[in-house]
Amino acid sequence: MLNPMITARSTPNIALIKYWGNRHDAYRLPAADSCSITLDTPSVEVTVEHSPVFKLQSFLPDGTEKVLKEKDTARIEEHLRLTKEFLAKRNLPDAIPESVSIVIRSAIPPAIGIASSAAVFSALATAYSALASVNRALPLSDRDATIIARLGSGSAARSIFGGFVALKNKKDHEENKDIDSAYAEQIAPANHWALHDIIIVPTMEEKKVGSTEGHHLAQTSPMFQKRIEAITVLRQQECIDAILKKDFEALQQVTEEDCWDMHNVMQTQTPPLQYLNDETYRITEEIEDLRAQQHLPVLYTMDAGPTVHLFCEEEALDAIRAYAHAQKNCTIFEAKVGQGAIIKE
Ligand code: PMV
């Protein structure tokens, strides 16, 4: 059996319809569908090879080695176990080695306020799936890679593809809690719509409660079930249609509606999660005013943190860039629509 060294590269994605809450925690099966835009930067590289014992190293953008917390190592080990469980279901029980050595090289500044887990697990899944395909006549599909990515971080499934991507539950998901009953699918490629993401980071503080713990308690919010229904009946399809038609106004409305809805769920779960701060509320209000005054194609969205993502079309770019750089004590990053996870030759 060949055991080559494989390196994959990937980037984060930002959700328009957000994934929040699971129907099965261990498998990270989402309670509802979601959709997102894959960014072209910043990237993460993950190298995987066979090793007699499990090994994990992670390097920061400045090249220094990150001191890993026990829970981070445990999460990657558990992901390897789940990946093997999935491969066994595909009749490929020994497709990846018993144990592996993993090296993560991240170009994502720790302070950027966008979770690197989607980039890490999509790169890792791409590397595992290439490794599993080396000795097989039939390689694993991209859909399989999205399932492997999802087992480490639900949103990571969407970074397997570039452009505009949906994370979907299988039709029979109410009864079906199988490991492969949710996967990602591309809605449109990166060159479909030239959107820009201007990212305003108001604080460098690390969040206290991560999304994994947050998902587990989402169902305690009295607003949870209503949100899941709204996405299932209407929002996900509205978002997909807006993307396909390149209807910015429709995309803005459904994205912002779902973003506030997710934060309302977070803030009413037990214990409550407040990821937004005063700066977030100020910026989103100012963007609403700016948009109304200048008729700018710009929308905002926030994940599990106070960072504001301002997606805009080309014609609004100068105005939004100028607005972002005028914010005191904020760090600004920029990204475009990216190509998704790839194997590095
Ligand atoms: O994939 P996770 O477990 O990091 O969850 C992602 C949660 C949000 O970023 C808040 C929403 C999303 O769909 O990306």
Side-chain angles (χ1 to χ4, degrees), residues 10-39 44 71-72 75-76 78-79 82 108 112-125 146-161 164-169 182-185 187 197 199 201 206-219 221 224 227-228 231 235-236 239-240 254-267 269 273-276 280 300-309 311 335 340-341:
S10 193
T11 49
N13 68 78
I14 304 302
L16 303 167
I17 302 297
K18 313 279 188 192
Y19 148 56
W20 193 249
N22 293 325
R23 59 189 173 85
H24 185 294
D25 283 329
Y27 288 165
R28 294 176 193 264
L29 293 171
D33 294 0
S34 58
C35 76
S36 60
I37 299 179
T38 299
L39 303 184
V44 167
K71 73 170 197 267
D72 295 332
R75 182 170 175 184
I76 302 244
E78 173 61 5
H79 178 245
L82 289 167
I108 305 186
I112 190 171
I114 53 176
S116 59
S117 64
V120 169
F121 283 104
S122 53
L124 187 55
T146 75
I147 293 167
I148 297 175
R150 198 207 71 228
L151 294 170
S153 156
S155 61
R158 300 184 309 237
S159 276
I160 293 294
F161 297 113
F164 302 80
V165 185
L167 172 59
K168 297 169 65 160
N169 280 308
Y183 57 88
E185 209 170 69
I187 302 166
D197 184 11
I199 307 166
V201 187
E206 231 183 271
K207 61 185 171 207
K208 292 183 189 72
V209 182
S211 42
T212 299
E213 291 157 87
H215 286 297
H216 294 182
L217 296 164
Q219 318 237 3
S221 162
F224 178 77
R227 174 166 185 267
I228 298 305
I231 294 172
R235 267 184 221 154
Q236 174 79 354
C239 188
I240 292 173
V254 74
T255 300
E256 292 176 7
E257 177 180 72
D258 189 65
C259 170
W260 290 123
D261 202 9
M262 177 186 74
H263 284 280
N264 286 336
V265 168
M266 289 165 158
Q267 289 160 16
Q269 57 187 68
L273 286 175
Q274 175 57 280
Y275 286 119
L276 310 179
T280 321
Y300 58 75
T301 188
M302 293 78 71
D303 283 338
T307 293
V308 183
H309 291 266
F311 281 99

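Counting convention: from 1, in listed order, for ligands and their atoms alike. One-based numbering along the sequence shown.
Closer than 4.0 angstrom to ligand 1 by heavy atom are Ala15, Lys18, Tyr19, Ser117, Ser153, Gly154, Ser155, Arg158, Ser211, His215, Met262, Asp303, Ala304, sorted by chain and number.
The salt bridge (Lys or Arg N to Asp or Glu O under 4.0 Å) search around Arg75 returns none, not counting sequence neighbours. With sequence neighbours excluded, the residues that form a side chain to side chain contact (heavy atoms under 4.5 Å, CB included) with Gln267 are His263, Asn264, Gln274, Leu276, Tyr281.
Looking only at distances, a side-chain donor or acceptor of Glu256 sits under 3.5 Å from a matching main-chain atom of Tyr300. Judged by distance alone, the side chain of Gln269 and the main-chain N or O of Gly214 form a donor-acceptor pair under 3.5 Å. Proximity of a side-chain donor or acceptor of Arg150 to a complementary backbone N or O of Tyr27 within less than 3.5 Å is detected.
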Please tabulate, for the side chains in residues 29-39, all donor-acceptor contacts under 3.5 angstrom to protein atoms that are two or more places apart in sequence or on a different chain.
residue	atom	partner	partner atom	Å
Asp33	OD1	Asn169	N	2.9
Ser34	OG	Arg158	NH1	2.9
Ser36	OG	Asn13	OD1	3.4
Ser36	OG	Arg158	NE	3.0
Thr38	OG1	Phe161	O	2.7

